[in-house]
Amino acid sequence: MKKNTFLKGIIDGLPICFGYLSVAFAFGIFAVENGLTTLQALLISMTNVTSAGQLAAVPIIAGGGTLIELALTQLVINLRYSLMSVSLSQKMKKSVGFLDKLIIAFVNTDEVFAVASGQKGRVGKSYLYGLIITPYLGWSAGTLLGAVAGDILPSIVISSLGIAIYAMFVAIVVPPMKKSKPTALCVLVSVILSCMFRYVPFLNKVPSGFTIIICAAIASALFAVLAPVEEEEDDE
Amino acid sequence: MNKYGFFAYLLVMALVTYLVRMIPLVLVKKRIKNKFLLSFLHYIPYAVLSAMTIPAIFYSTSDNISAWAGFLVAVVLAYLEKSLLTVAVGACVMVFIVQIIR
């Protein structure tokens with residue numbers, strides 16, 4: 001392991017950890033409210049590490065839904081990770097081995113993926129390991145705290161923390177928009193589609209796990225045709 | 001929950017979520033050369049994140065106005081290329097302030 005890239009990974013992971021604490025905290029409260037135990041909520045977070053999927057799973061588990069329903073829901077909501085994993089596979093140095101991939105895949109969340117994608121050049125395993133450690137701990141600890149002590153913090157604080165995760169997304173997306181006009185336009189198209197799926201009748205019936213994939217795939221395919229990017233240089 | 005027991009649910013959801021992430025990461029070994037696919041994958045993260053953020057961010061706090069205020073602070077700080085932590089904290093503080101004032 002290279003110490004300085006590992007450390008850089010840790011530092012880059014801290015904001016994700018911070019954001020996860022609040023989201024996982026909310027998940028912990030939600031799970032316990034729905035009748036799961038603190039231990040069950042914690043186990044779900046420690047084995048899944050996915051916000052949208054977990055949120056959707058709780059009512060199914062609490063309501064005694066079928067395993068097929070649970071599996072299909074997770075598949076649809078989490079399908080976007082396949083795209084991210086394909087993208088990440090192109091971003092990793094060749095020195096990242098099979099076992100490393102098995103571990104990194106476990107914590108390849110939206111935010112981890114986004115930060116890894118934002119790095120210049122290819123990313124190595126020491127950076128990736130550093131990057132995933134604190135978000136994983138934050139996700140687990142936040143769930144535990146939320147489940148155990150949901151009523152310690154006043155609701156106004158919890159409500160203020162809710163925006164943290166989205167603000168981070170903004171911080172990741174805006175700088176590349178400044179540098180590349182096609183990226184800016186691609187984001188715009190994706191946002192317009194996403195708003196249509198929220199507000200247009202009929203379209204707003206499509207489950208949110210689907211809409212993210214649809215919006216992103218249409219916008220990305222459109223700009224892959226209109227403004228293909230030059231191949232990134234190999235740096236291994 | 002009695003029908004299967006908690007651990008059956010846990011196993012199924014963890015397995016599906018993991019396989020969806022792991023299989024593409026492990027199986028795609030070659031460097032993709034296809035220009036369309038490369039470009040597509042270049043745009044994907046930004047398109048995914050922006051679709052996840054808008055309009056969801058406007059419903060992420062207890063009211064629309066604080067959420068808009070937090071969003072605008074995030075955009076300005078992000079435009080100034082501040083760190084992720086700075087942008088996140090800035091937006092949270094703004095939301096907190098607006099909620100107190102209202």
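This structure is a prediction, so every number in the text was calculated from the model and none was measured. Chain letters run A, B, ... following the sequence lines, proteins first, then strands; residues in each count from 1.
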Under 3.5 Å, which donor-acceptor pairs do the side chains of residues 213-229 of chain A form with other protein atoms, sequence neighbours left out?
{"from": "A/S220", "atom 1": "OG", "to": "A/A216", "atom 2": "O", "distance (Å)": "2.8"}
{"from": "A/S220", "atom 1": "OG", "to": "B/I44", "atom 2": "N", "distance (Å)": "3.4"}

In residues 45-56 of chain B, what donor-acceptor pairs under 3.5 Å come from side-chain atoms, sequence neighbours left out?
{"from": "B/S50", "atom 1": "OG", "to": "B/Y46", "atom 2": "O", "distance (Å)": "2.7"}
{"from": "B/S50", "atom 1": "OG", "to": "B/A47", "atom 2": "O", "distance (Å)": "3.2"}
{"from": "B/T53", "atom 1": "OG1", "to": "B/L49", "atom 2": "O", "distance (Å)": "2.7"}

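For the set A/L193, A/V189, A/L67, A/V170, the entry with the most heavy-atom pairs within less than 4.5 Å of chain B is A/L67. The greatest number of non-hydrogen atom pairs below 4.5 Å with chain A, out of B/I57, B/D63, B/L11, is found for B/I57. Highest contact tally toward chain A, considering only B/V28, B/V20, B/L77, is held by B/V20 [criterion: heavy-atom pairs under 4.5 Å]. The residue among A/T183, A/I16, A/L88, A/L83 with the most heavy atom pairs within less than 4.5 Å of chain B is A/T183. The residue among B/A74, B/A14, B/A88 with the most heavy atom pairs within less than 4.5 Å of chain A is B/A14. For the options A/L14, A/D12, A/V49, heavy-atom pairs under 4.5 Å to chain B are most numerous at A/V49. The candidate from A/Q74, A/Q90, A/M168, A/K101 with the greatest count of non-hydrogen atom pairs under 4.5 Å with chain B is A/Q90. Of the listed residues B/I97, B/V73, B/V26, the one with more heavy-atom pairs under 4.5 angstrom with chain A than any other is B/V26. In terms of heavy-atom pairs under 4.5 Å with chain B, the best-connected choice from A/V174, A/N48, A/I192, A/V173 is A/N48. The most heavy-atom pairs under 4.5 Å with chain B, out of A/P182, A/G53, A/S180, A/G19, come from A/P182.
When heavy atoms are compared at a cutoff of 4.5 Å, A/T109 approaches chain B by way of both its backbone and its side chain. Both the backbone and the side chain of B/F71 come within contact range of chain A, with heavy atoms under 4.5 Å apart. For B/V95, the parts sitting under 4.5 Å from any heavy atom of chain A are the backbone and the side chain alike. For chain B, the nearby part of A/F113 is the side chain; its heavy atoms alone come within less than 4.5 Å. At a 4.5 Å heavy-atom cutoff, the contact between A/Y199 and chain B is made by side-chain atoms alone. Only the side chain of B/Y18 comes within less than 4.5 Å of a heavy atom of chain A; its backbone N, CA, C and O stay farther away. Contact annotation for B/L19: neither backbone nor side-chain heavy atoms come within less than 4.5 Å of a heavy atom of chain A.
Judged purely by atom type and a 3.5 angstrom limit, A/D100 has no side-chain atom pairing as donor or acceptor with the backbone of A/V96. Between the side chain of A/S85 and the backbone N or O of A/Y81, at least one donor-acceptor pair lies under 3.5 Å. Between the side chain of A/S87 and the backbone N or O of A/M84, no donor-acceptor pair lies under 3.5 Å. Proximity of a side-chain donor or acceptor of A/K91 to a complementary backbone N or O of A/Q119 within less than 3.5 Å is detected. Without hydrogens or angle criteria, B/R21 side chain to A/F106 main chain gives a donor-acceptor distance under 3.5 Å.
B/Y9 is not listed as a side-chain neighbour of A/I44, based on a closest heavy-atom distance of 4.5 Å or more. A 4.5 Å side-chain heavy-atom check between A/Q54 and A/W139 finds at least one atom pair inside the cut-off. At least one side-chain heavy atom of B/M13 sits under 4.5 Å from a side-chain heavy atom of A/I61.
For the residue pair B/T17 / A/T50, no side-chain donor-acceptor distance below 3.5 Å is found, with atom types taken as modelled.
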